[in-house]
Structure formats: structure tokens, C-alpha cells
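Structure first, commentary second.
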Amino acid sequence: MGLFDKKDTDGKIHVKRIEKIINSINDDYTYNLTQSIDRAFITYCKELCREPEMAKIQPIELCAELVETIVANKTDFATTSYLSVMRRAEEIYARVFPYGENTPNFELIALVFINLFKPEGLVGKGLFNTTLYATFKDKDNYVEFMDTIKTDAKCSECLYDIIQYGLGVRAFFIDDETYTANMKNVAQKILHAGDIKALVARETKKVEHMAGIYDIDEADVAKTEQQLTKANAILSETVGILDQADRKTEQLSRVMNETTKSIQEISKRETDIISMKAISAKEDINAAYNSFLEEQRQEVILQKDVLIGQMFSEAEAKLNELRTMARAITTSANSELLRINTEASSAMDKISNLVANDKDLEKILTKADENKELYDKIAKLELLNTQNIEAIAKGMEAQAAAMNLSGDASANQDQGATVTPNQGATVVADPVQAVQMMNSPQFASAGLPPMEVDPQAIPEVNPLLDTSIPFEKRYKMVMEEKQRRIAKGEHFHKMFDDVVTVLMEDANPYMIGPSGCGKTFMVKQIASILNLDFIDIGYINEEYDILGFQTATGAYSTPNFYRCYKYGKIAFCDELDNGNSRATVKLNSFLSNGRDASYSFPHGENVKRHQNFRIIAAGNTAGNGADANYNTREKIEESVQQRFTPVYVGYDNYVEEKILGDYKNWYQFCVIFRLATDAWGNQNDCAAPGILTTRDTARIRRYLDNKSLDMGKILDYEFIQTKDMEYLAFLSSHMGGSVTAYPGAKEIYQMFATKVNDLRQKGGIR
């Protein structure tokens, strides 16, 4: 049973709880009871114990819980005020439980009621208001709302205005969640507003307008009625005019019908005459055309034999030339293949004899195999202790070189295969593709045995991602490398540290931010600083974008995602919210995989997840579907969202300041331009169009460095074109108020304002 389960009718247990509280108080304060504890409170509690059914707070278990809570809360309530707190509790109980124990959702509301009297509760802070409490259907929403404002120093001072606003707008909200969200937003504005009354009036009007309620002036109504009367008079006059027009139209129609009939008769006579002349002309033309065709036919017959003979002669000469070239190429290729086979066989025999006859070499190789795992761990720790990331990079590059399958016969000695290189052969970087190519019919026809993927092609675990090494040690090295790069002039986004931390912890970061804020560039930096390859697999449209597929010939079409999973690369899922949500769900199989996970791909290979494998996703929305700026985005399936760690990546003024470098005037202009677009978005409750992105800033830097565009053209192409006149007028006005705080932008702003004003003049805007 729960604490406030109404089936629990045994009140004696809870009476004993109250008696125990009284006894503990008496034990603690027997030496000076009158000065420590209000004697009236002790009396109150004893009456509860004698007649629990007469308590104003029912059931008695709720009353007992309340007494325990109040006595235990020495932070907010003085010992001499316990009785007054209980009286206040009785008043609140009467308001929040209008039907006593029969109040709907009694147990849930009872928990909220007890929480009001706990330390830092709303009653102890003097912030509980039953009127505001009654406006919330879901009482948890009330507690959540009050928790967001109760710690503010001005909360008590502004509580009355917050209550008045809530009472004024509650009727305009159907659901509790929307009302709660609005109250949170407006309450924060009230707590930091200068003119609270004006703010409350403005926000109330905004809610009324959302509900379709507007103020109507009686003078405007009277004026409208006058205009309606005048319009009716004009309508009556217009009806009379239209009647006259109808009569004149009928007269005109009769005249037109008579005229049309006369014209038709004249036209028919002329048409008959013209038709007779046309028939005669057509016969003359047909005769001339047939004569011309006959002359051309005779000419073609005469030239046909000559043309055909010439074509056959040229074709035969060309075929003989091609046959001669083919025979020469075949002879040369056979000779070269024979020479290479001979040399390869000889080299293999020498190496085999050397290994077989050298006992010391055999012992060294055996001992090396036994200690390989230990040496690997010592090498990783020594690498982290004595070297930096640049040293790690060199080791990883050497390892990558060992993975390259270029047809070298020595790379396949352990399998006993003899590989014959061929001039002009294709070097395949991916081991799986290389094996598929070597096992294809064109290579099988050469007598080569089937190949398997060399297990040494799988790279070792990157020490920066090796979970056997403490995270603090690995993270410190990454930060040191970051500082070295900053010293060399490289710029990092303010959210870089958070994203790289989530990635190193294998928590699948999902970077959320507008277009052009630097998400893709940050992934490149992360891959570089961790010394990992990354592949941008784009947005996911079908499952085979992740899993690949079997071709019609039975070969496996290897996707980039497979390479990342098996060989330890970063899979970058750009524009995750623009993909097919049904196909994206397939990522779930890889997002939650543990360290020793594996996956069976469509071609039958059970691939073990490489410890270097990581997934980074990026999108323009939080995954909840399309919005005003990104109207083609889809909602990401909830199970996929839960497996990603969302990191909001916005525009970073610091990065843009570093990009523009010595062009301080342009940086300050970009700042006031973005302030204006933000103000427009806040005023219209939506994102502003044509915002300035980090990508735009980099493009402006190139124009300035190369002196390819002057100030006027940069303003036209980057800040003015594609924006409507009303929007430009707002931006120009707002930037004019900000330019005094950024004096370096004054000259550029003046040219911008002049251009906008010229456009307004041409567009008819005053």
C-alpha cells in the first residue's frame, strides 16, 4: 500500500507517529519547554492523538506525515512557529482538497501538498499561492513552474504580478503544457523587466491575439457603419447603371448578330474562290515535287555503288590495323607475365629456404608471437607517457601503410599464395574490395587460389580511444594537442571540447545547429586531432546505405559504413534529420553496440566492431520535424534520438572574429547585422531568414584577402540580395541603433543603409 492509500484505515499507526514526535520534542526540550517549543503546538498534537477523526487534515496518515515534515524542517520554520504553520496547512488543505479524501487524484496531490512544507519548499519561502495553484490542472506542472523561479531573488517581489498575469491568460490555453511553457517564459521576463506593468499588458495582448481576440473601438464601429450605409447607396446606384448597361448591351448584341451574319456570307463567297485557286496550285506543286524526287532517285542510284565500295575499303584497312596491334600487345603481355612469374617463384623459394634453415630466426619469431600482446600494451602506455599525438599519428600512418594491398607477393607468404603483379593494375585501398577483385572470374581464370582478408589489415586500437587507459590521461593529451594547434593559428568552435568528449566516451554525439555554423569543419578537426579517418556517408535514404547489398553477380557492394565499422573510422551521418526515418532506424543496431559487439552484414561476414569505430551525426533541427527554415526535414524516430547525445552547436562569434582577423570593421558589422536578425526573430517568434553564417564569414574573408570584390558588392551579394524590402528596412533601422556601440562598423553600415534606402525608394516603400 502507498503512504496515502485510502484503503489503509488503521489510523492508530499514524497516531503513534504523532505521539512519537511529541515524546521526542519533550525529550529534547524538557529543560526549557516554554522557550523552545510553542506549548500550543504540543497541545494541538495531543488533541490530534485523542480525536484523530476530528482533524481538519484527513486522512490521519496525511496529517501525521505533515507533522513529521514540519518538525523536521528546521531550515524554514522556527520551533515557535510550528502551530502557525499547521494552521496555514489547514487553509491550504481546504483549497487544494475541495472534496477532502474524495478529491480526484488525491494521492498525487497529497505528495505535492507534503512537498510544499519540506526544506526550501514553497510555503517556507512564502511563495505558495492557492489561486495560482488552482489554475494548473496537473499539479506537477505547478511545482515544476515554481521550481524554475523560486530561487530568483526577485521572486517574492514579483509574485503578485506573475499571479495576475496567470489569472488573466489561463482561459486562452486549452492544455496545461502550453500554459505552463508560457508561464515559464513570461515569468522570467517579469523577473528581469524594468516596467513590469507594461510587460504584463504586452504579453497578455499577445496571448489574446493568438486566441483571435482584438480590441474594437466604438468610434471605428460607428465609422464602419457609416461607410457601410454609403456603400449600400453606391450599390443601389450601381444596380441602376447596370440595368441601363444591360439594355444597351442587348441592342448592341442585335446589331452584332446582323453584322456577323453579313460578314459570314461575304467570307463564304471569298473562301470558295480561294479554295478553287488553292486546289489548282496544289496540283502544280505536286507535279513539280514528283519530278524533283525522280531526278534525285536516279542520281542516288548512280552514286550508290561508288560510296559502298569506298566504305568497305576503309573499314577493311582499319580492321587489319587493329588486328596487328592486338597481336603485338598479346605477345608483349605474355612475355612480361612469364618473366614476372619466374622472378616471383625464385624469390619465394629463396625466402622459404632462408626461413626453414635459420633456427635462430625461427626461435625469435616464436618468442615474438608469445609476447606480442604484452608488447602492444607497453607500447601504448609508453606512447602516451613520453610522446604527443604527433608521434601517435606517425605510428598510425605506418600501420595504415601496412594495410595497403598493392599486389606485393611478400604480403601473402603466410597464406602460401603467389601473387603476380601486372603493369597498369589497380591498387585497391580497401582490403575487402581487394579480396573480392582477386576472387572475381577474371583473376580466377589466371589460376590464382582464392584469397582471404589478411587479419593484419585490421588496425590496432587508437591509444586515445583505448578504454584500458584512464580517460583523464587521454583527454589531457587531446587538449594539449588542441593548444598546440591554437598556438599555430588554428581556430576551434566553443563546443569542440563537449563534442570530442562525447565521442571519446562512445556516446554518439548529434550536433544540432543551423546551416553554416561549422559542424562539418568541427568533425574534420576531431578526426585530425584523434588521428582517425572519417567518411561523410551523408544522410541515410535506404538501409543499403548502411548495410550494402549483394549485386546481381553475387558480389558484395561494400558501403562506406561497413569500412568505418570494421576498420575503425568515424562515420559522419550529415543531415540526419533529412534522411528516411524508416531507414535511419537501422542505425540502432550499431549505436548501442558494446565493446565486443559484432554484426552480420548481407554478404554473410560477421564483422567485429572495431574499438576505434565512432558515429557522429549532424542536423539542422532537434529531430522533431520540419520548421519554418528547414521545411523538408523529417522527425527522427524516438528510439534513434535516445541513442544519440544532442549537442547544440550555434554560431560562434569568437571563431568568426578569428576568421576575419585584422578586418575588425567587418567583424563589428557582422555583429550588429546578427543582432538585428536575432531581434527580428524574437519579435516575430520565428527564426530570421537570410542569417549570417560562419561559412559566409569565411567567404567574406576570401573576398577581402584577394581584393576580388569591393565593399559595395560584398554588401549586395552577402547581406542585401534575396531579402524583401520590409525585412531590409527593419535590419537597417535596428543596426542604426547598435552602430554606436561598434564604431568600427560605421562606414560599412552607412553604405548598407544607403543601398537599402535606394531600394526602398525604387520599391515604393516610404
Side-chain angles (χ1 to χ4, degrees), residues 38 66 69-70 72-97 109 111-173 175-211 213 215 675 678-679 682-683 685 737:
D38 188 357
L66 177 63
T69 302
I70 291 173
N73 183 5
K74 295 183 175 60
T75 302
D76 297 331
F77 305 135
T79 56
T80 55
S81 66
Y82 287 166
L83 181 59
S84 61
V85 176
M86 283 299 298
R87 296 302 184 194
R88 174 63 175 152
E90 291 175 349
E91 294 175 2
I92 295 174
Y93 177 86
R95 296 294 297 273
V96 302
F97 297 102
I109 298 175
L111 293 174
V112 175
F113 176 71
I114 291 298
N115 286 332
L116 295 176
F117 297 88
K118 289 184 176 181
E120 298 300 319
L122 297 180
V123 173
K125 285 183 169 291
L127 298 178
F128 180 74
N129 181 272
T130 54
T131 304
L132 182 61
Y133 173 87
T135 63
F136 289 83
K137 295 179 182 178
D138 187 342
K139 305 312 177 184
D140 285 338
N141 286 337
Y142 168 76
V143 175
E144 179 186 346
F145 163 66
M146 290 303 297
D147 284 344
T148 62
I149 66 172
K150 71 180 183 181
T151 56
D152 195 289
K154 295 183 65 178
C155 183
S156 298
E157 179 183 343
C158 300
L159 183 61
Y160 175 78
D161 296 296
I162 294 173
I163 293 170
Q164 294 305 310
Y165 172 77
L167 295 177
V169 302
R170 184 62 183 93
F172 301 113
F173 293 94
D175 61 283
D176 227 30
E177 284 69 22
T178 307
Y179 171 63
T180 303
N182 181 263
M183 285 295 292
K184 289 180 181 178
N185 181 36
V186 176
Q188 291 297 331
K189 293 180 180 179
I190 291 174
L191 291 173
H192 301 91
D195 188 349
I196 295 178
K197 300 300 181 184
L199 174 67
V200 170
R202 184 167 61 254
E203 293 295 331
T204 303
K205 287 293 183 184
K206 188 184 294 185
V207 174
E208 290 177 351
H209 291 174
M210 289 170 56
I213 300 174
D215 295 334
L675 289 174
D678 291 344
N682 293 333
Q683 180 172 311
D685 294 326

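Throughout, numbering of the chain's residues begins at 1 and tracks the sequence.
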By salt bridge (charged side-chain N to carboxylate O under 4.0 Å, His left out) - contacts of Lys184 (at least two apart) | Glu144
For residues Asp138 and Tyr179, is any side-chain donor paired with an opposing acceptor at under 3.5 Å?
-> no
Can you check whether Tyr133 reaches Leu116 side chain to side chain, under 4.5 Å on heavy atoms?
-> no
Can you check whether Tyr142 reaches Val96 side chain to side chain, under 4.5 Å on heavy atoms?
-> no
Roughly how far apart are Cys158 SG and Ile149 CD1, rounded to 0.5 Å?
-> 9.0 Å
Contacts of Ser156 that satisfy side chain to side chain contact (heavy atoms under 4.5 Å, CB included) - sequence neighbours left out = Leu127
Side chain to side chain donor-acceptor pair (under 3.5 Å) involving Arg95 - partner list, sequence neighbours excluded = Thr130
Flag the pair Met86 / Leu66 as yes when at least one side-chain heavy-atom distance between them is below 4.5 Å, and no otherwise.
-> yes
Check whether any side-chain heavy atom of Asn141 lies under 4.5 Å from a side-chain heavy atom of Met183, and answer yes or no.
-> no
pair Lys137-Asp175: side-chain heavy atoms closer than 4.5 Å | no
Main-chain N/O of Phe77 paired with Ser81 side-chain donor or acceptor, under 3.5 Å | no
With sequence neighbours left out, what residues match Lys118 under side chain to side chain donor-acceptor pair (under 3.5 Å)?
-> Asn115
Please round to the nearest 0.5 Å and tell me the distance separating atom CZ of Phe113 and atom NZ of Lys139.
-> 13.5 Å
Side-chain donor-acceptor pairs under 3.5 Å in residues 187-199, sequence neighbours left out?
residue: Gln188; atom: NE2; partner: Thr148; partner atom: O; Å: 3.3
residue: Lys189; atom: NZ; partner: Glu203; partner atom: OE2; Å: 3.2
residue: His192; atom: ND1; partner: Gln188; partner atom: O; Å: 2.8
residue: Asp195; atom: OD1; partner: Ala198; partner atom: N; Å: 3.3
residue: Lys197; atom: NZ; partner: Asp161; partner atom: OD1; Å: 2.9

Could you tell me the separation between the CG atom of Asn185 and the OG1 atom of Thr180, rounded to the nearest 0.5 Å?
-> 12.5 Å
Keeping the roles fixed (side chain from Arg170, backbone from Phe173), state whether a donor-acceptor pair exists under 3.5 Å.
-> yes
Is the closest side-chain heavy-atom distance between Leu132 and Phe136 below 4.5 Å?
-> yes
Taking the side chain as C-beta and beyond, is there a heavy-atom pair between Asn73 and Phe117 under 4.5 Å?
-> no
For a side chain to side chain contact (heavy atoms under 4.5 Å, CB included) with Asp140, tell me which candidate from Asp176, Ile109, Val112 qualifies.
-> Val112
Under the side chain to side chain donor-acceptor pair (under 3.5 Å) rule, collect the residues that match up with Lys150, sequence neighbours excluded.
-> Asp147
Can you measure from CD (Glu157) to CG (Leu159) and round to the nearest 0.5 angstrom?
-> 11.0 Å
For Asn182 and Thr178, indicate whether the former's side chain and the latter's backbone hold a donor-acceptor pair under 3.5 Å.
-> no
